[in-house]
Protein chains: 2
Amino acid sequence: MRAATLDPPFPCTHCPLRPLPGFIDGSAEERTFIARRKLGQLHVVAGGTILPEGQPAQYMFTLLSGWAFRYKTLSDGRRQIMNVLLPGDLVGLQSHMLDSHRHSVEALTDVSLCTFGRETVWAIYKSHPPLGFALTWLAAHEERLVDDAILSVGRRSAVERIAALMVHIFKRAEAAGLKQGDAIPFPLTQEHVADALGLSIVHTNRTIQHLRRAGLIRLADGTLSIGDLRALRRVALYWEQPAEPRPLF
Amino acid sequence: MRAATLDPPFPCTHCPLRPLPGFIDGSAEERTFIARRKLGQLHVVAGGTILPEGQPAQYMFTLLSGWAFRYKTLSDGRRQIMNVLLPGDLVGLQSHMLDSHRHSVEALTDVSLCTFGRETVWAIYKSHPPLGFALTWLAAHEERLVDDAILSVGRRSAVERIAALMVHIFKRAEAAGLKQGDAIPFPLTQEHVADALGLSIVHTNRTIQHLRRAGLIRLADGTLSIGDLRALRRVALYWEQPAEPRPLF
DNA sequence: GATCTTCATTAACCTGTGATAGGTCTGCAC
DNA sequence: GTGCAGACCTATCACAGGTTAATGAAGATC
């Protein structure tokens, strides 16, 4: 079994994410409100399950550090990854609004999550309209990510899909402050990539090789770097705009 | 060019959707708030564009009658339909929250839409927290639909995809009060189906034939009926729950 | 009623991707 | 050390689904 521990609240005043340029600061009052509502930090080991499909929603989380992913499975085990989650992403908002989780969330690396109780969501709307707006913003933003993903899976070829995924993850990791030099950590195995793109593992491997040989990506030891971003974008037919600064809970 | 006309407000007191079992009534006060905010009705002819990708968001709509769909295209014209829109669905919430439309919306049949101005969204959060909550609910619900769609496109075979789409649309049309006898209108062409499922038109046709011959669906003259829903579900590996009653704007 | 368009359909052929089966390398438990 | 497991990589073969092209039916349009 996977370890999952709930630590006492880490002070939001020292939040490592909020200072990043990708996030909106919010008013001091809003920040204290959020800080007060935070129940603590949940730690989940790489490979552990954060939310299990089918269960009623109990908590909502903000991913504080580490990587995770959201997925669904068919009854015979085929898996589709809908989205990769990076620090600052909300986990479980969708399930929170509706009845129960219709997807699972799994930790890709060791992960820590700021935890909020079920009642917090409603409190937000009642006492802090701008934060309620921000929640909807995040929901809309997440839908946009899935929109982009389905375009890839439905209409891009294998090479285009891999290229688009690499560009997409690279930009997002950069925005989350994870870029070091010209590289980002890339904790996904090829199986994850395959399951995110609707490909088989073998073909995913072939296609990654192809992009490597073409000099378009460097991917080794859990690290990704892109030599010529513009060229990779061209291969991917990928021209999505970078996200604007986003709210943080 | 396609005709698009804005009619004077149709009285919300006679809303044909709200009495349906699929929708939540809301308080009288909320209903008047919405009614007051409504600018009028937009009519768009079948095939017309409701929202164009790339443009800044101006209005938000509720689909009052008719069918529409949300899609994105790649630069070379390949199209992916993300979602089919039925009466009661919100159009343009995602674009409204973020900067501009990152997808287009096109009318599948003649369509009429209740129109709201940009400022309404913010007013909702400020003065009617429960409605703000409802907006997020709808955003989360829409994301869930795309989640289901990407599972199909990524991991289901062609037969499974078609079967799942038929079941899905059938249930939704039923909830929107469109079922007559054991049939629903089905205004999608095979090209729409193909673009929703990431298939070619030709293969879509082959596969529909297959399901017809197996006696699982009847689809002709823009009308769909399903003989044995349970059997079709089994083919599709589709076991999504019906949606709970939903808010209406 | 001649001409166009759109949509559905079918056939013939081809290819991108899947399936299967193997291999290597690395890290880790004992 | 030895054994094992997980991730990556390669080769070969098979097929689901794509591509191209042609046909017919049903409405529009003139």
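Remember, predicted model here, so these are calculated numbers, not experimental data. Quick note on labels: first sequence line is chain A, next is B, and so on, each numbered from 1.
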Test B/E143 against every option in A/R144, A/R70, A/R102 by the salt bridge (Lys or Arg N to Asp or Glu O under 4.0 Å) rule and name the one that passes.
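Filter result, single survivor: A/R70.
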Flag the pair B/D195 and B/K72 as a salt bridge only when some basic side-chain nitrogen lies within less than 4.0 angstrom of an acidic carboxylate oxygen.
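The answer is no: the pair does not qualify as a salt bridge.
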Regarding B/R172 and B/D89, does a basic nitrogen lie under 4.0 Å from an acidic carboxylate oxygen?
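Judged by the 4.0 Å cut-off on N to carboxylate O distance, B/R172 and B/D89 do form a salt bridge.
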For the side chain of B/H192 and the backbone of B/T189, is there at least one donor-acceptor N/O pair under 3.5 Å apart?
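Looks like yes, one N/O pair under 3.5 Å.
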Taking the side chain as everything from C-beta on, heavy atoms only, tell me whether [X] gets closer than 4.5 Å to [Y].
X: B/P185; Y: B/W67; answer: yes
X: A/L151; Y: B/R78; answer: no
X: B/T62; Y: B/V91; answer: no

Step by step, would you call B/F61 with B/L51 a side-chain contact (heavy atoms from CB on, under 4.5 Å)?
CA-CA 10 Å; B/F61 309 98; B/L51 299 183; 3.8 Å; yes
Measure CG/A/D221 against C1'/D/dG6 and give the value in whole Å, please.
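The distance from CG of A/D221 to C1' of D/dG6 comes to 15 Å, rounded to the nearest Å.
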If a protein heavy atom is under 4.0 Å from the base, mark B; if only from the sugar-phosphate, S; if neither, -; do that for nucleotides 7-22 of chain C going 5' to 3'.
SSBBBB----BBBB--
Can you give me the bend angle of the helix from C/dG1-D/dC30 to C/dC30-D/dG1? Use the axis through the first five pairs and the one through the last five, nearest 10 degrees.
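The value is 40°.
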